[in-house]
Amino acid sequence: MGKFEKVLALAPERIPAHVAIILDGNGRWAEHNHRLRAQGHHAGADNVETITYACMDMGVKYLTVYAFSTENWKRSKDEVSYLMLLLKQYLLKYKKTAIAKKIRVRVIGDLGGLSDDLRALILDVEQATKDLKAFNLTFAINYGGRDELVRAVRRIAGQGIPAKGIPAEEITADTINAALDTAELPDPDLLIRTGGELRISNFLLWQCAYSEFYFTDTFWPDFGEEELEKAILDYAGRERRFGGRKK
Ligand code: IPE
Ligand code: IPE
Ligand code: MG
């Protein structure tokens, strides 16, 4: 059978336009394989590239990956510095590939909380890929759904004082959407979490209102193309109702 044959045989509307992934289980993968946690994170970073290309081949348009949460600062100093180093190395290496493959790269999260060099690198990659249209890859870095909402509300409140003025009664869901880090992205159709935990850990709280969830025990570094294909086929078989009646 050809690569991704089952997915490619689906009607296009059955394929999720936006897949979001909570890539969890790097540490446990390392433990199972008698490696260091850092090696787990390294293998996890490599897997982002594999899954990005698989998404592109399957007709997905947007992929958003949760790389570092606002709560992950609670980890040991060593682990946090390794993750930051890995993000820098990855973005640096990824810039060329993204341009070659016409991938637009974005980062969501509170960039203000990152080091100057990482922030500069992020802005550089975003700028260098801003006109590319083959695919949209978004990294959530120092991202928390509640933090994003707090920043959005502050932006909206700030806009209202005093001259520009958004009167309270004119604030709609669109106003909030536009103030979020994800303003340019559609809501995720499919949210995948690897690593066996059944929670969303502060990821895309507003945006996942009607996303389909897919949980798997597979650790992120082991979540390969075939696992992704399985998740997408599972999604394709679901009926989304958005509060309406069963058809
Ligand atoms: C996910 O793997 C990566 C990040 C949160 C940065 P973990 O590091 O959370 O792996 P586990 O959950 O400990 O196995
Ligand atoms: C979620 O994983 C955050 C990321 C994948 C970046 P965690 O490992 O931090 O989540 P919890 O602590 O198990 O909820
Ligand atoms: Mg974890």
Side-chain angles (χ1 to χ4, degrees), residues 18-52 55 62-94 105-115 118-119 121-122 137-151 180-182 185 188 190-208 211-224 227-228 231:
H18 185 176
V19 175
I21 307 183
I22 300 174
L23 28 91
D24 196 22
N26 291 349
R28 282 163 288 158
W29 177 90
E31 212 174 297
H32 274 244
N33 292 286
H34 311 288
R35 312 248 180 106
L36 303 170
R37 276 186 82 83
Q39 291 175 298
H41 291 314
H42 194 278
D46 286 344
N47 197 40
V48 171
E49 210 166 332
T50 308
I51 292 302
T52 301
C55 280
Y62 294 82
L63 172 65
T64 300
V65 295
Y66 202 6
F68 192 91
S69 77
T70 45
E71 287 73 34
N72 287 147
W73 299 106
K74 292 181 198 159
R75 297 189 179 196
S76 75
K77 209 169 142 243
D78 282 356
E79 184 166 359
V80 169
S81 3
Y82 185 72
L83 285 166
M84 290 298 144
L85 178 72
L86 203 57
L87 284 166
K88 268 183 245 171
Q89 286 176 342
Y90 189 84
L91 284 171
L92 206 56
K93 179 180 139 207
Y94 199 75
V105 179
R106 294 178 177 89
V107 174
I108 56 171
D110 183 7
L111 300 193
L114 301 175
S115 68
L118 180 54
R119 189 171 47 253
L121 191 56
I122 289 170
L137 175 61
T138 303
F139 294 94
I141 303 177
N142 193 23
Y143 176 88
R146 288 188 173 180
D147 179 67
E148 180 191 36
L149 280 161
V150 169
R151 287 184 290 106
L180 294 172
D181 298 348
T182 52
L185 309 175
L190 172 63
L191 176 78
I192 298 173
R193 182 173 187 142
T194 62
E197 309 296 350
L198 305 179
R199 52 179 174 254
I200 59 174
S201 302
N202 206 7
F203 194 40
L204 301 175
L205 298 179
W206 166 276
Q207 299 87 340
C208 281
S211 303
E212 295 292 327
F213 286 21
Y214 182 89
F215 294 100
T216 168
D217 288 338
T218 306
F219 299 134
W220 171 247
D222 286 333
F223 186 87
E227 295 262 352
L228 176 71

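Order of appearance sets the numbers: ligands from 1, and atoms from 1 within every ligand.
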S.K.: Please report the shortest heavy-atom distance between Tyr143 and Leu205, naming the atom on each side.
M.R.: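 Here Tyr143 and Leu205 meet closest at OH-N, 4.4 Å.
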
S.K.: Give the minimum heavy-atom separation between Thr194 and Thr218, together with the two atoms involved.
M.R.: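 Minimum heavy-atom separation between Thr194 and Thr218: CB-O, 3.2 Å.
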
S.K.: Check whether any heavy atom of Ala67 sits under 4.0 Å from an atom of ligand 1.
M.R.: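 Per 4.0 Å heavy-atom rule, Ala67 contacts ligand 1.
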
S.K.: Under 4.0 Å from any heavy atom of Arg28, which atoms of ligand 1 are there?
M.R.: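 The list of qualifying atoms is 11 (P), 12 (O), 14 (O).
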
S.K.: Looking only at heavy atoms, is any part of Phe203 under 4.0 Å from ligand 2, and if so is it the side chain, the backbone, or both, or is it neither?
M.R.: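 Neither part.
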
S.K.: Can you check whether Asn72 has an N/O within less than 3.5 Å of an N/O in ligand 2?
M.R.: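 Yes: some nitrogen or oxygen of Asn72 is under 3.5 Å from one in ligand 2.
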
S.K.: Would you call the rings of Phe215 and Phe213 parallel, tilted or perpendicular, taking 30° and 60° as the class edges?
M.R.: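 Ring orientation of Phe215 relative to Phe213: perpendicular.
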
S.K.: Where on Glu197 is there a heavy atom closer than 4.0 Å to ligand 1, on the side chain, on the backbone, on both, or on neither?
M.R.: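 Glu197 to ligand 1: no contact under 4.0 Å from either part.
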
S.K.: Tell me which protein heavy atom sits closest to atom 13 (O) of ligand 2, plus the residue, atom name and distance to 0.1 Å.
M.R.: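 Protein heavy atom at minimum distance: Arg199 NH2, 2.8 Å.
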
S.K.: For ligand 2, is Arg193 a contact, meaning one of its heavy atoms is under 4.0 Å away?
M.R.: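 Flag set, Arg193 near ligand 2.
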
S.K.: As an exercise, state the distance from CG of Asn26 to CZ of Arg35, rounded to the nearest 0.5 Å.
M.R.: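 The distance works out to 12.5 Å.
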
S.K.: Hey, is the main chain of Gly196 close enough, under 3.5 Å, to the side chain of Asp24 for a donor-acceptor pair?
M.R.: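 No, because the side chain of Asp24 does not come within donor-acceptor range (under 3.5 Å) of the backbone of Gly196.
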
S.K.: For atom 10 (O) of ligand 1, find the nearest protein heavy atom and state the residue, atom name and distance (0.1 Å precision).
M.R.: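 Answer for atom 10 (O) of ligand 1: Gly27 N, 2.9 Å.
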
S.K.: Do Leu228 and Ile192 come within less than 4.5 Å of each other through their side chains, counting heavy atoms only?
M.R.: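 In contact.
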
S.K.: To the nearest 0.1 Å, how far is atom 8 (O) of ligand 1 from its closest protein heavy atom, and which atom is that?
M.R.: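 For atom 8 (O) of ligand 1, the nearest protein heavy atom is Arg75 NH1, 2.7 Å.
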
S.K.: Any idea which part of Glu31 is under 4.0 Å from ligand 1, heavy-atom wise: side chain, backbone, both or neither?
M.R.: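 The answer is neither; Glu31 stays 4.0 Å or more away.
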
S.K.: Hey, does Asp24 come in under 3.5 Å of ligand 1, counting only N/O atoms on both sides?
M.R.: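 Yes - when backbone and side-chain N and O of Asp24 are compared with those of ligand 1, one distance drops under 3.5 Å.
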
S.K.: Quick check for you: to the nearest 0.5 Å, what is the distance between Leu36 atom CG and Glu31 atom CD?
M.R.: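 The CD atom of Glu31 is 11.5 Å from CG of Leu36, to the nearest 0.5 Å.
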
S.K.: How many protein N, O or S atoms sit closer than 2.8 Å to the Mg ion (ligand 3)?
M.R.: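 There are 1 of them.
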
S.K.: Could you tell me which atoms of ligand 2, counted from 1 in the order shown, lie closer than 4.0 angstrom to a heavy atom of Phe68?
M.R.: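 That gives atoms 6 (C) of ligand 2.
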
S.K.: First locate atom CG of Leu180, then atom CD of Gln207, and finally report the distance between them rounded to the nearest 0.5 Å.
M.R.: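 Answer for the CG-CD pair, Leu180 versus Gln207, is 5.5 Å.
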
S.K.: Which atoms of ligand 1 have any heavy atom of His41 under 4.0 Å away?
M.R.: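 Answer, ordered by atom number: 3 (C), 8 (O).
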
S.K.: Measure the distances from the heavy atoms of Gly195 to every atom of ligand 1 and state whether one is below 4.0 angstrom.
M.R.: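 Not so, Gly195 does not reach ligand 1.
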
S.K.: Check this for me - ligand 2, Ser201, N or O atoms closer than 3.5 angstrom, yes or no?
M.R.: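 Yes; the residue has a nitrogen or oxygen that sits under 3.5 Å from a nitrogen or oxygen of the ligand.
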
S.K.: Show the nearest heavy-atom pair for residues Gly25 and Pro221, with the distance to one decimal.
M.R.: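 That closest heavy-atom pairing would be O-CD, 4.2 Å.
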
S.K.: So if I apply the side-chain contact (heavy atoms from CB on, under 4.5 Å) rule between Ile21 and each of Leu190, Leu191, Val48, Ile51, which one comes out positive?
M.R.: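 Checked Leu190, Leu191, Val48, Ile51 against Ile21; only one passes side-chain contact (heavy atoms from CB on, under 4.5 Å): Ile51.
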
S.K.: Using a 3.5 Å distance criterion without hydrogens, assess whether the side chain of Tyr66 forms a donor-acceptor pair with backbone atoms of Ser201.
M.R.: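 The answer is yes, because a donor-acceptor pair under 3.5 Å joins these two groups.
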
S.K.: Taking all atoms of both residues into account, what is the closest heavy-atom pair of Ile108 and Leu204, and its distance?
M.R.: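 Here Ile108 and Leu204 meet closest at CD1-CD2, 4.0 Å.
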
S.K.: Under 3.5 Å, side chain of Asn47 to main-chain N/O of Phe223, donor-acceptor pair present?
M.R.: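 Present.
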
S.K.: For atom 1 (C) of ligand 1, which protein heavy atom lies nearest, and how many Å away is it?
M.R.: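 The answer is Leu23 O, 3.1 Å.
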
S.K.: Looking at atom 2 (O) of ligand 1, what's its closest protein heavy atom, distance included?
M.R.: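 Answer for atom 2 (O) of ligand 1: Asn26 N, 3.2 Å.
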
S.K.: Any side-chain heavy-atom pair from Cys55 and Leu63 closer than 4.5 angstrom?
M.R.: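 They are in contact (side-chain heavy atoms under 4.5 Å apart), so the answer is yes.
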
